[in-house]
Amino acid sequence: MKSSNKQWIGLTLLTLMLVKAWVIPLVCLDYEIRKDYIAKALCVNRNRPELKCNGKCYLAKKLANAQRQQERQAEHEYMASLIYQVMDNGPQYSFISPSPTIEDYTTPTFSFKSAFLGRLVPDSIFHPPLV
């Protein structure tokens with residue numbers, strides 16, 4: 001896959017995540033931009049001007065709908081993760097050890113390095129002054 005295709009896919013996924021995160025602010029922005037139209041055409045209380053609703057009922061309905069949709073999506077993702085955890089068909093591990101043979105019982109070898117030997121190259125360069 002070309003680099004430019006990966007960038008477009010990444011940009012698309014980023015845009016979708018941002019839209020999902022900004023649903024409620026976008027609903028409020030839409031209300032502020034189209035406030036006059038909403039108050040005249042979409043408001044439930046447009047025939048009762050004494051309530052001075054000005055489309056706030058429409059905004060409340062849209063916000064409640066967006067909140068319910070986010071809650072359903074979160075619940076769906078939670079259930080999907082639970083199902084995925086239960087149905088995980090990852091690698092199965094077996095802890096059966098092979099039976100020991102006589103060749104396995106050889107004399108162990110040990111290695112020892114003195115703590116007094118310099119381990120780093122700077123140890124041989126930097127030392128206290130000789131008098």
Side-chain angles (χ1 to χ4, degrees):
M1 193 179 278
K2 290 184 178 181
S3 162
S4 62
N5 289 343
K6 289 181 183 178
Q7 289 175 346
W8 279 108
I9 291 171
L11 185 61
T12 303
L13 291 175
L14 179 67
T15 304
L16 289 174
M17 288 179 6
L18 287 176
V19 167
K20 182 180 175 184
W22 288 91
V23 169
I24 292 177
L26 288 175
V27 169
C28 293
L29 180 66
D30 177 53
Y31 170 75
E32 289 298 324
I33 291 173
R34 301 183 320 147
K35 188 184 281 189
D36 293 333
Y37 171 74
I38 291 171
K40 290 178 184 174
L42 302 175
C43 182
V44 176
N45 299 319
R46 64 180 173 264
N47 296 330
R48 297 189 293 179
E50 66 275 1
L51 294 177
K52 297 180 183 176
C53 178
N54 296 328
K56 291 178 187 168
C57 58
Y58 175 80
L59 175 64
K61 192 185 307 180
K62 284 291 189 178
L63 288 175
N65 189 18
Q67 184 68 27
R68 277 194 307 270
Q69 185 177 2
Q70 283 185 343
E71 288 172 359
R72 279 191 302 245
Q73 181 67 25
E75 181 180 329
H76 181 267
E77 289 173 359
Y78 178 71
M79 292 300 288
S81 70
L82 285 179
I83 290 172
Y84 177 74
Q85 289 174 1
V86 170
M87 301 298 289
D88 186 18
N89 291 329
Q92 301 297 322
Y93 298 103
S94 175
F95 297 103
I96 299 172
S97 62
S99 59
T101 61
I102 294 177
E103 290 84 25
D104 292 338
Y105 296 109
T106 59
T107 306
T109 58
F110 297 100
S111 62
F112 175 74
K113 186 173 182 180
S114 174
F116 297 110
L117 296 176
R119 295 187 187 130
L120 302 174
V121 175
D123 290 342
S124 63
I125 298 172
F126 300 106
H127 52 79
L130 300 174
V131 182

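Numbering of residues begins at 1 and proceeds along the displayed sequence. As the structure is a computational prediction, the values presented were derived from the model and not from experiment.
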Considering only distance and modelled atom types, tabulate donor-acceptor pairs under 3.5 Å from the side chains of residues 34-53, sequence neighbours left out.
| unit_1 | atom_1 | unit_2 | atom_2 | d |
| --- | --- | --- | --- | --- |
| Arg34 | NE | Asp30 | OD1 | 2.9 |
| Arg34 | NH2 | Asp30 | OD2 | 3.3 |
| Asn45 | OD1 | Arg48 | NH2 | 2.9 |
| Arg46 | NH1 | Ala41 | O | 2.9 |
| Arg46 | NH1 | Cys43 | O | 2.8 |

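Put simply, the residue from Gln70, Glu75, Glu77, Glu71 that forms a side-chain contact (heavy atoms from CB on, under 4.5 Å) with Gln73 is Glu77.
Rounded to the nearest 0.5 Å, atoms CG (Leu59) and CD (Glu32) are 8.0 Å apart. Summarising the geometry, atom CG belonging to Leu14 is positioned 13.5 Å from atom CD1 belonging to Ile9; distances are rounded to the nearest 0.5 Å.
Closest approach of Asn54 to Tyr31, counting heavy atoms only: O-OH, 2.9 Å.
Gln69 is linked by a side chain to side chain contact (heavy atoms under 4.5 Å, CB included) to Arg72, counting only residues two or more places apart in sequence or in another chain.
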